[in-house]
Amino acid sequence: MKKIISFKETKKVVGIITLFLFCCLTSMAQNPSWAKKASQAVFTLKTFNNDGSLIGSSNGFFIGNDGEALSCFAPFKGAQRAVVIDAQGKEWPVECLLGANDMYDVAKFKVSVKKPVTLALSSSATNGAVAWLLPYSAKKSPDCQRGSVTSSEKFQGDYSYYTLAMQASEQHSGCPVLDENGQVLGLLQPSSVTSSASAYAVSAVFANDLCISGLSMNDPAFRSTHITIALPDQHDEALLTLLMAASADEVQYQDVIDRFIQKFPQSADGYIYRARNEVAKGDFAAANNDIRQALKVGQQKDDTHFQVAQMIYQKEIYQADQPYPDWNLDLALKESREAYRINPQPVYRQQQAQILYAQQKYDEAGSIYEELAKGPLRNADTFYAAAQCKLQQDNKKEALILLDSAVSMFTRPYIKTAAPYLHARAQLSMEFRRFQQAINDMQDLVALEPTDVDLWAEKASFELRLNLFDQAFESATQCISLAPDVSDGYLMAGIAQCAKGDKRQGLQNLDKAKELGNSQAQKFIDKYK
């Protein structure tokens, strides 16, 4: 028998249905119209160590069609790998960092995802404006939270840092805070006080404007993470990154080189850098392939030939024990001459002189150095190199004249860079009996390097040869005070004292020199005992 529902019961059911519909409508009204689509741009960020253990997590959102995204920077610290989990629950790897700011805890990075849903950015909002927190919501409608902007403070120019009338927890870090039009004002930063009714947001425009420069590898923020750093878009800035990366670990350096070549395939620089790295590892065949590619694509042909010549020259000088039949000094000279033919720069002639010197062609090398000394490369180093060529030809007289020219490139008081030229002239001056010049040069040397024990010992030796026993003893005493465990000072002091007639003290110093292992000490002990 069918039960008949009374009017009272019917009214009750209708009331329940009406209440249910009202609640549904109210719930739907809580979210703005753009929320459902916008939520597809929000993701969870997770970072990991080498062993796969979780380091940190946050939220973030896509802002670019190529996978550009914003989130907090803190989870990246110490991380080796990072992924994002989108609103569909799919996991995508973080490819590289595009910018970071540790102070404001924001990061810009690229995710290996194609054409994600993105959010547009808003530059500012007035006090009292409505603000919406859009949380990460996997496979369901987001539960947006409405609040308002209570204050907006400017930093680094026109960027805004917002204080929000909104209660948010740590799990909302990095979530987008949007205006009424669905444009992102900032990245949420919850209050450190759990019960606080306030939250904060740092400008999303600021985070988006973060970029990579050639010096970014030295930025403390980037040095705190192992996540790959993007190369700058400008070639010269990227080249600076390549230069800075040389001090990084081998794996990271190789990665930067390979990415540079991928980004700038028509630049010779990447192939030259990779070839140098291959030479350092002894892989000359691979290096040879890269320098051929560099010569093929290089726009500045002269510089490319110069770089190739330098690489081959250095390999032949410093890795001569690892022969590679396709490379030799003749090839290095050929490449250098080709560079000079294309663009007659003095530095290319200087390189040719260095190669000729290594080939023991001292006359040709010396001629080039003397030629260079008459032009833009007229400097101490050029005169010194020419002098070395003369010494190899046993022409000490002309060598000394050239060393005089090298020293004349400096004015008193001398600076430390003058030391090698003063030293060379002092030694050669002794051979030509220019004793006062030799002593003066040694005096200038110890003034430049007052803690160099070897220089004080050499000065004392010069003074002994000139019978300047008092000065020799003073120099030897200085040598002993700097290095009491080195025998040279005691030897020189002992000889000076014995030569002056103070054999008792002199022999004690000679005995000390012998005790410290000086092989010459016994000869002088026998002489003066």
Side-chain angles (χ1 to χ4, degrees), residues 310 313-314 317-318 345-358 362 365-466 468 470-472 474-483 486 488-489 492:
Q310 192 68 10
Y313 164 71
Q314 290 182 336
I317 296 299
Y318 301 112
Q345 293 294 317
V347 69
Y348 301 157
R349 286 289 281 164
Q350 184 183 50
Q351 184 186 60
Q352 292 165 34
Q354 291 171 337
I355 297 169
L356 288 165
Y357 187 92
Y362 304 119
S367 296
I368 293 177
Y369 282 125
E370 291 184 61
E371 165 202 319
L372 292 171
K374 298 173 183 177
L377 292 184
R378 179 183 175 83
N379 56 43
D381 196 41
T382 300
F383 282 116
Y384 178 81
Q388 295 306 306
C389 292
K390 295 298 182 184
L391 286 174
Q392 292 294 339
Q393 298 173 79
D394 202 29
N395 190 341
K396 296 180 180 179
K397 183 176 181 180
E398 288 191 29
L400 186 57
I401 294 171
L402 288 165
L403 287 173
D404 283 338
S405 296
V407 175
S408 72
M409 293 291 101
F410 301 90
T411 56
R412 289 179 177 275
Y414 293 125
I415 57 176
K416 283 191 175 184
T417 50
Y421 316 113
L422 288 167
H423 195 191
R425 186 173 72 172
Q427 292 176 319
L428 201 52
S429 291
M430 286 296 289
E431 294 187 37
F432 279 90
R433 303 181 68 80
R434 285 176 29 176
F435 300 131
Q436 191 58 53
Q437 182 66 73
I439 292 297
N440 290 344
D441 284 344
M442 290 305 300
Q443 188 62 46
D444 288 328
L445 271 172
V446 295
L448 290 172
E449 302 284 356
T451 60
D452 191 319
V453 177
D454 293 335
L455 286 179
W456 281 107
E458 190 172 359
K459 180 173 181 288
S461 176
F462 276 25
E463 289 160 342
L464 284 175
R465 289 163 65 184
L466 299 177
L468 301 173
D470 288 333
Q471 292 94 317
E474 289 178 6
S475 297
T477 301
Q478 184 66 21
C479 190
I480 292 169
S481 68
L482 289 170
V486 176
D488 290 348
M492 301 299 173

Next on the checklist: Rounded to the nearest 0.5 Å, what separates atom OG in S405 from atom CG in N379?
Outcome noted: 12.0 Å
Checklist outcome for this item: Residue pairs meeting salt bridge (Lys or Arg N to Asp or Glu O under 4.0 Å), one or both in residues 371-382, sequence neighbours left out, come to R349-E371
Checklist entry - Does some side-chain heavy atom of E370 sit less than 4.5 Å from a side-chain heavy atom of K390? => result yes
Next on the checklist: For the aromatic rings, using the six-membered ring if either is Trp, is the centroid distance between F383 and Y421 under 6.0 Å?
Outcome noted: no
Item to check | Q388 side chain reached by Y357 side chain, heavy atoms, under 4.5 Å | outcome: yes
Next on the checklist: Please give me the minimum heavy-atom distance between A483 and V453, naming the atom from each residue.
Outcome noted: CB-CG2, 3.7 Å
Next on the checklist: Atom CZ of residue position F432 - does it have more than 12 heavy atoms of other residues, nucleotides or ligands inside 6.0 Å?
Outcome noted: yes
Checklist entry - Does some side-chain heavy atom of K396 sit less than 4.5 Å from a side-chain heavy atom of L428? => result yes
Checklist entry - Does any non-hydrogen side-chain atom of R434 lie less than 4.5 Å from one of D404? => result yes
Checklist entry - Is E463 close to M442 at the side-chain level, that is, under 4.5 Å between some pair of heavy atoms? => result no
Next on the checklist: Nearest 0.5 Å, please: how far is CG in L464 from CE in M492?
Outcome noted: 6.5 Å
Item to check | Residue pair P346 / P376: nearest heavy atoms and the distance that separates them | outcome: CG-CG, 4.2 Å
Checklist entry - Got a second to check how far F410's CZ is from I415's CD1, nearest 0.5 Å? => result 5.5 Å
Checklist entry - Which atoms form the tightest heavy-atom contact between G366 and C389, and what is the distance? => result N-SG, 3.6 Å
Checklist entry - How many angstroms lie between atom CD1 of I480 and atom OG of S475, to the nearest 0.5 angstrom? => result 11.0 Å
Next on the checklist: For a quick test of reading the model, state the closest non-hydrogen atom pair linking L377 to V347 and the distance between them.
Outcome noted: CD1-N, 4.1 Å
Checklist entry - Closest heavy-atom contact between A358 and I317? => result CB-CD1, 3.6 Å
Checklist entry - Would a 4.5 Å heavy-atom cut-off, applied to side chains only, mark H423 and E458 as touching? => result yes
Checklist entry - Does a side-chain heavy-atom distance below 4.5 Å link Y384 with L402? => result no
Item to check | Charged N-O contact under 4.0 Å between D444 and R425 | outcome: no
Checklist entry - Can you name the nearest heavy-atom pair linking A457 to C479, along with the distance? => result CB-SG, 4.1 Å
Next on the checklist: Can you tell me how far apart CG (D441) and CD (Q436) are? Round to the nearest 0.5 Å.
Outcome noted: 10.0 Å
Checklist entry - Does T382 use its side chain to pair, donor to acceptor, with the backbone of L372 at less than 3.5 Å? => result no
Checklist entry - So, the side chain of W456 versus the backbone of P450: is there a donor-acceptor pair under 3.5 Å, distance only? => result yes
Item to check | Rounded distance [0.5 Å steps], CG in L455 versus CD in Q443 | outcome: 11.5 Å
Checklist entry - Between the side chain of S481 and the main-chain N/O of Q478, is any donor-acceptor distance below 3.5 Å? => result yes
Checklist entry - How about F435 and R465: do any of their side-chain heavy atoms sit closer than 4.5 Å? => result no
Checklist entry - Hey, mind stepping through Q351 and Y313 against side chain to side chain contact (heavy atoms under 4.5 Å, CB included) and telling me if it holds? => result CA-CA 9 Å; Q351 184 186 60; Y313 164 71; 6.0 Å; no
